[in-house]
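Notes follow once the structure below has been shown.
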Amino acid sequence: MAPGAEHAPRRWLAAGRASRSLVLGVVFVALLLDNMLLTVVVPIVPTFLYTTEYEGANSSVAPAWTELAPPASKAPFSSMFSYFDNTTVTVSGSASAAELANGTESSRPPQPPTSSPPVLSGCPEGEEFLAKENVRVGLLFASKALVQLVVNPSVGLLTNRIGYHVPMFIGFIIMFISTVMFAFSGTYTLLFVARALQGVGSSFSSVAGLGMLASVYTDDFERGNAMGIALGGLALGVLIGAPFGSVMYEFVGKSSPFLVLAFLALLDGALQLCILQPSKISPESSKGTPVFTLLRDPYVLVAAGALCFSNMGVAMLEPTLPIWMMQTMCSPKWQLGMAFLPASISYLIGTNLFGILANKMGRWLCSLVGMAVVGISLLCVPLAKNIYGLIGPNGGLGFAIGMVDSSMMPLMGYLVDLRHTSVYGNVYAIADVAFCMGFAIGPSTGGAIVRAIGFPWLMIIIGVINIAYAPLCWYLRNPPAREEKIAILNQECPLQTKSYSTQKTLRDFPLTDDSDVEAENGE
């Protein structure tokens with residue numbers, strides 16, 4: 001009994017490494033944590049910068065005002081409260097910050113009436129500061145995607161050379177460092193560096209994770225289901241991130257959500273050490289199609305474009321919606337994150353539902369309908385008068401993006417099988433680049449557009465772009481196979497894709513050194 005008991009954990013590990021489900025679990029957790037960190041900062045950063053830079057600066061100078069002329073200053077400042085409805089709410093316990101903000105503007109008596117009309121609901125003070133903050137917050141959010149954009153092609157090449165396991169573990173290490181940095185960063189510059197570092201870690205995790213799934217699930221139908229589940233991890237991260245961040249920031253403090261994520265990241269690292277054996281280098285058996293060859297494939301470009309523009313909509317909302325809510329709805333901190341809850345829940349439903357349905361109704365049709373709904377939902381966002389008015393548009397937006405993502409991600413793998421070599425690192429690097437372009441262009445241009453022409457016009461522009469792009473998905477209805485694969489693959493039955501994929505039986509899988517036969521038994 002004793003010798004058998006000693007070997008039981010080893011046997012369990014060997015069986016675990018031969019299980020595709022556990023690999024799917026590892027990728028699910030990695031995407032979950034990456035996207036929790038992606039969205040947990042959304043409600044925190046605008047209010048944190050406003051508190052530390054605007055209110056902090058004003059309250060530090062305020063005592064000098066109160067000492068100089070307390071009696072004379074009281075009357076004009078108290079009368080200003082009619083222009084700023086709830087300044088006493090925004091500045092807790094003291095009106096010193098409010099007095100300075102109003103006092104600097106009202107040092108010349110005729111100016112207060114002329115400065116008040118832009119602040120229609122007067123929620124926060126410092127209208128000009130918030131306008132500038134739109135741009136700065138947008139750039140901070142975009143920095144992650146911009147860095148990821150640059151790093152992704154290199155990671156695609158790296159996975160072709162050394163396999164998926166080592167890059168996946170490198171991604172975890174960088175993500176952990178970034179999370180700890182977020183927890184203890186107190187300035188805009190440090191937050192910017194932490195966000196950019198997250199982009200590097202995210203690039204390693206997402207490209208290696210999706211490529212690993214595509215190589216493990218060789219059947220197209222199974223791959224579609226697995227991608228749907230993995231994207232469910234992404235959705236769950238987006239779902240939990242913003243509300244979790246806003247509630248923890250409001251009631252516990254800025255560092256708390258990031259420290260919780262750092263602990264979860266450590267658990268993910270332990271899981272990867274057990275299941276993936278990140279010390280093992282297992283290059284692909286065949287040379288992958290170069291990135292530039294894939295970029296010249298019009299079908300790959302159309303699929304990548306659908307991913308980019310559909311995600312650009314929610315990327316533009318992330319930095320601009322909380323500030324718009326602060327200006328027009330007098331929203332407290334916790335509501336800034338909760339506004340994204342309907343989008344996140346519906347995205348979670350959409351990815352899991354259409355991971356299966358998209359294969360039956362046609363992935364091209366699923367994506368076409370999804371992009372049209374994304375456009376319509378974005379057009380409806382500015383019509384909201386309070387947080388409840390955002391439930392419908394944000395819910396529709398999340399569900400539609402779920403439709404696009406869950407149909408386009410497996411389609412990218414299918415296009416490579418159909419038209420190129422069945423090595424997936426580079427094509428998922430392109431898919432991730434498309435995703436990141438949306439999250440890079442969206443926030444960086446969104447903040448500037450809001451400042452120039454306003455939030456409603458921003459929503460109209462990106463909504464119309466999505467509706468206009470949707471018909472291009474029709475071209476993905478029946479993509480032609482490469483000549484030598486036509487004899488093998490019958491396009492009318494996608495389930496037969498297994499017939500051409502089985503020649504590459506789980507090359508870098510199972511993750512033990514056993515034979516491929518034992519891998520199938522372990523399944």
Side-chain angles (χ1 to χ4, degrees), residues 30-49 52-53 132-158 167-209 234 237-238 241-242 245 249 254-255 257-259 261-262 265 268-269 308 311-312 314-320 322 429-448:
L31 290 175
L32 169 74
L33 290 175
D34 179 24
N35 286 277
M36 274 191 79
L37 185 57
L38 177 77
T39 54
V40 80
V41 299
V42 169
I44 293 174
V45 168
T47 47
F48 177 71
L49 290 176
T52 54
E53 295 185 5
K132 288 177 183 173
E133 193 184 12
N134 259 312
V135 181
R136 295 173 74 228
V137 171
L139 287 173
L140 187 141
F141 286 175
S143 63
K144 182 251 185 193
L146 286 167
V147 170
Q148 203 169 337
L149 207 58
V150 175
V151 176
N152 270 344
S154 308
V155 178
L157 291 171
L158 188 67
M168 191 85 178
F169 194 71
I170 292 170
F172 146 71
I173 293 169
I174 297 171
M175 198 71 69
F176 177 75
I177 294 168
S178 168
T179 309
V180 173
M181 268 196 77
F182 266 119
F184 299 106
S185 296
T187 64
Y188 179 84
T189 307
L190 285 174
L191 288 170
F192 192 93
V193 172
R195 183 72 166 182
L197 191 63
Q198 186 200 348
V200 180
S202 182
S203 185
F204 277 89
S205 295
S206 52
V207 173
L234 187 152
V238 174
Y249 178 43
K254 182 185 84 77
S255 298
F258 300 110
L259 293 175
L261 285 183
D268 177 51
C308 176
N311 284 284
M312 196 183 288
V314 76
M316 284 184 167
L317 278 181
E318 281 186 357
T320 55
I430 290 172
D432 209 43
V433 161
F435 191 79
C436 293
M437 278 185 71
F439 275 89
I441 297 168
S444 54
T445 58

field: Nearest-0.5 Å distance that lies between atom CD1 in Ile441 and atom CE in Met312
entry: 4.0 Å

task: Find out whether Leu37 and Met175 are in side-chain contact, i.e. whether some heavy atom of one side chain is under 4.5 Å from a heavy atom of the other.
output: yes

query: Which pair of non-hydrogen atoms, one from Gln198 and one from Ser178, has the smallest distance, and what is that distance?
result: CB-OG, 3.3 Å

field: Taking every non-hydrogen atom, the tightest pair across Ala315 and Gly438
entry: CB-O, 3.4 Å

- request: Could you tell me which residues satisfy ring-ring contact (aromatic ring centres under 6.0 Å, His included) with Tyr249, sequence neighbours excluded, listed by chain and number?
  value: none

field: Test side-chain contact (heavy atoms from CB on, under 4.5 Å) applied to Ile44 and Phe258, step by step
entry: CA-CA 11 Å; Ile44 293 174; Phe258 300 110; 4.2 Å; yes

field: Which atom of Gly245 lies closest to which atom of Val40, heavy atoms considered
entry: CA-CG2, 3.4 Å

message: Can you confirm if the NZ or CZ of Arg136 lies within 45° of the ring axis of Tyr188 and under 6.0 Å from the centre of its six-membered ring?
response: yes

query: Given side chains that start at C-beta, do those of Leu31 and Ser205 come closer than 4.5 Å, heavy atoms only?
result: no

statement: One should read off an interatomic distance between Phe141 CZ and Ser143 OG, to the nearest 0.5 angstrom, of 9.5 Å

- request: Report yes or no: does Thr179 contribute a side-chain atom to a donor-acceptor pair with the main-chain N or O of Ala262 at less than 3.5 Å?
  value: no

- request: Please report the shortest heavy-atom distance between Leu317 and Pro322, naming the atom on each side.
  value: O-CD, 3.6 Å

message: Has Lys254 got a side-chain atom pairing as donor or acceptor with Gly186's backbone, closer than 3.5 angstrom?
response: no

field: For Ser202, all residues meeting side chain to side chain donor-acceptor pair (under 3.5 Å), sequence neighbours excluded
entry: Asp34, Lys144, Gln148

- prompt: Would you say the side chain of Leu38 lies within less than 4.5 Å of the side chain of Arg195, judging by non-hydrogen atoms?
  reply: yes

- line: To the nearest 0.5 Å, atom CG of Asn152 lies from atom CG of Leu157 at 11.0 Å

message: I want to check something: taking the side chain as every heavy atom from C-beta on, are Leu191 and Phe182 in contact at a cut-off of under 4.5 Å?
response: yes

field: side chain to side chain contact (heavy atoms under 4.5 Å, CB included) involving Ile174 - partner list, sequence neighbours excluded
entry: Ile170, Leu197, Val200, Phe204

Closest non-hydrogen atom pair, Thr39 against Gly241: OG1-CA, 3.2 Å

message: Please find the pair of heavy atoms, one from Phe176 and one from Ala265, that lie closest to each other, and give the distance.
response: CD1-CB, 4.2 Å

- prompt: Is any side-chain heavy atom of Pro167 closer than 4.5 Å to a side-chain heavy atom of Val207?
  reply: no

message: Once rounded to the nearest 0.5 Å, what's the spacing between atom CG of Leu139 and atom CZ of Phe192?
response: 6.5 Å

